[in-house]
Participant: 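Submitted below is the structure of interest, expressed as structure tokens.
Sequence positions, counted from 1, serve as the residue numbers for this chain.
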Amino acid sequence: MSEKITIRTAVLDDVLTMFKLIDEILDSPSTDEELQERYERYEPRFGKDSTFIYYVAENEQKKMIGLCSGGETLQCNRTVNDKVYDCEIAHMFVHKEYQHRGIGRELWRTIWNAIVERFHPNNVIVWGVNREQAHRFYRSAGGTLAGTKNVDSGILTAYVWNDLQLLD
């Protein structure tokens, strides 16, 4: 019997749990002070006028096991190879124990369709962690490799989409 997974819109009360899940998946723990700084940076993104959308995936026990986010592209992520991108998918994470069950694909479909319906972009960019598993996922979702950039936490790889349709 397979476990029921629920995807729902994230709320501000989810933020610290979201950060802890990302830290666990990336094996990069944050201090309490770092978590608080991230919380304060993200808090405005949950306001009614925010141009960002967040979803979380929960198991039957209401434990967060995945998340995704996206919206209008932040200035720092907007350009790759002199091309400007309208929207971005900024986070796409599924707990290791829940990977390869279609949860990531369902989170992707959910955030993709929300972005396409709300913002009507001409294109979308993802700056993902430079890991082969992420590369495979974005290629399988139709992304085209567009470049890389160095950030404090390592190398990020850009995948882009220019033919935007709603996903079934």
Participant: Decide whether Asp23 and Ser30 meet the rule of one side-chain donor and one side-chain acceptor closer than 3.5 Å.
Facilitator: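 Note: Asp23 and Ser30 side chains meet the donor-acceptor criterion.
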Participant: With heavy-atom distances below 4.5 Å as the criterion, would you say the side chains of Glu24 and Lys96 are in contact?
Facilitator: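 A side-chain contact under 4.5 Å is absent here.
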Participant: Can you list every pair that meets ring pair (Phe, Tyr, Trp, His ring centres under 6.0 Å) and has a residue in residues 144-168, with sequence neighbours left out?
Facilitator: Trp108-Trp161, Trp112-Trp161, His135-Tyr159, Tyr138-Tyr159
Participant: For the atom pair CE (Met18) and CG (Leu16), what is the distance rounded to the nearest 0.5 Å?
Facilitator: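 Spacing of CE (Met18) from CG (Leu16) equals 10.0 Å.
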Participant: So, do Ile65 and Ile5 sit near enough that their side-chain heavy atoms are less than 4.5 Å apart?
Facilitator: yes
Participant: Between Gln61 and Asn59, what is the shortest heavy-atom contact and its length?
Facilitator: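 It is N-OD1, 2.9 Å.
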Participant: State, to 0.1 Å, how close Leu166 and Glu117 come at their nearest heavy-atom pair, and which atoms those are.
Facilitator: CD2-CG, 3.6 Å
Participant: Regarding Arg131 and the six-membered ring of Phe137, is the cationic atom NZ or CZ under 6.0 Å from the ring centre and inside 45° of its axis?
Facilitator: no
Participant: I need the full list of ring pair (Phe, Tyr, Trp, His ring centres under 6.0 Å) pairs touching residues 65-86, with sequence neighbours left out, sorted by first then second residue.
Facilitator: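 Qualifying pairs: none.
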Participant: I need the minimum non-hydrogen distance between Val80 and Ala146, along with the two atoms involved.
Facilitator: CG2-O, 3.6 Å
Participant: Under 4.0 Å between a side-chain nitrogen and a carboxylate oxygen: does that hold for Arg8 and Glu58?
Facilitator: yes
Participant: Atom CD1 in Ile155, atom CG in Asn150: separation rounded to 0.5 Å?
Facilitator: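 It comes to 5.0 Å.
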Participant: May I have the list of side-chain donor-acceptor pairs in residues 47-55 shorter than 3.5 Å, sequence neighbours left out?
Facilitator:
from: Ser50; atom 1: OG; to: Arg45; atom 2: O; distance (Å): 2.6
from: Ser50; atom 1: OG; to: Phe52; atom 2: N; distance (Å): 3.0

Participant: Just to verify, what does Thr6 make a side chain to side chain donor-acceptor pair (under 3.5 Å) with, not counting sequence neighbours?
Facilitator: Lys4
Participant: Mind checking side chain to side chain donor-acceptor pair (under 3.5 Å) for Gln36 and listing every partner two or more places apart, or none if nothing turns up?
Facilitator: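 Checked Gln36 against side chain to side chain donor-acceptor pair (under 3.5 Å); matches are Glu40.
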Participant: Would you say Glu106 and Ile7 make side-chain contact, with heavy atoms under 4.5 Å?
Facilitator: yes
Participant: If every non-hydrogen atom of Arg105 is compared with every non-hydrogen atom of Ser140, which pair is closest and at what distance?
Facilitator: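 In terms of heavy atoms, the two residues are closest at NH2-OG, 2.7 Å.
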Participant: How far apart are the closest heavy atoms of Val116 and Pro121, and which atoms are they?
Facilitator: CA-CD, 3.9 Å
Participant: Under the ring pair (Phe, Tyr, Trp, His ring centres under 6.0 Å) rule, what pairs show up with a residue in residues 12-33, not counting sequence neighbours?
Facilitator: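 Only Phe19-Tyr42 qualify under ring pair (Phe, Tyr, Trp, His ring centres under 6.0 Å).
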Participant: Against Val160, only a single residue in Val126, Asn123, Thr144, Leu145 fulfils side chain to side chain contact (heavy atoms under 4.5 Å, CB included); can you say which?
Facilitator: Thr144
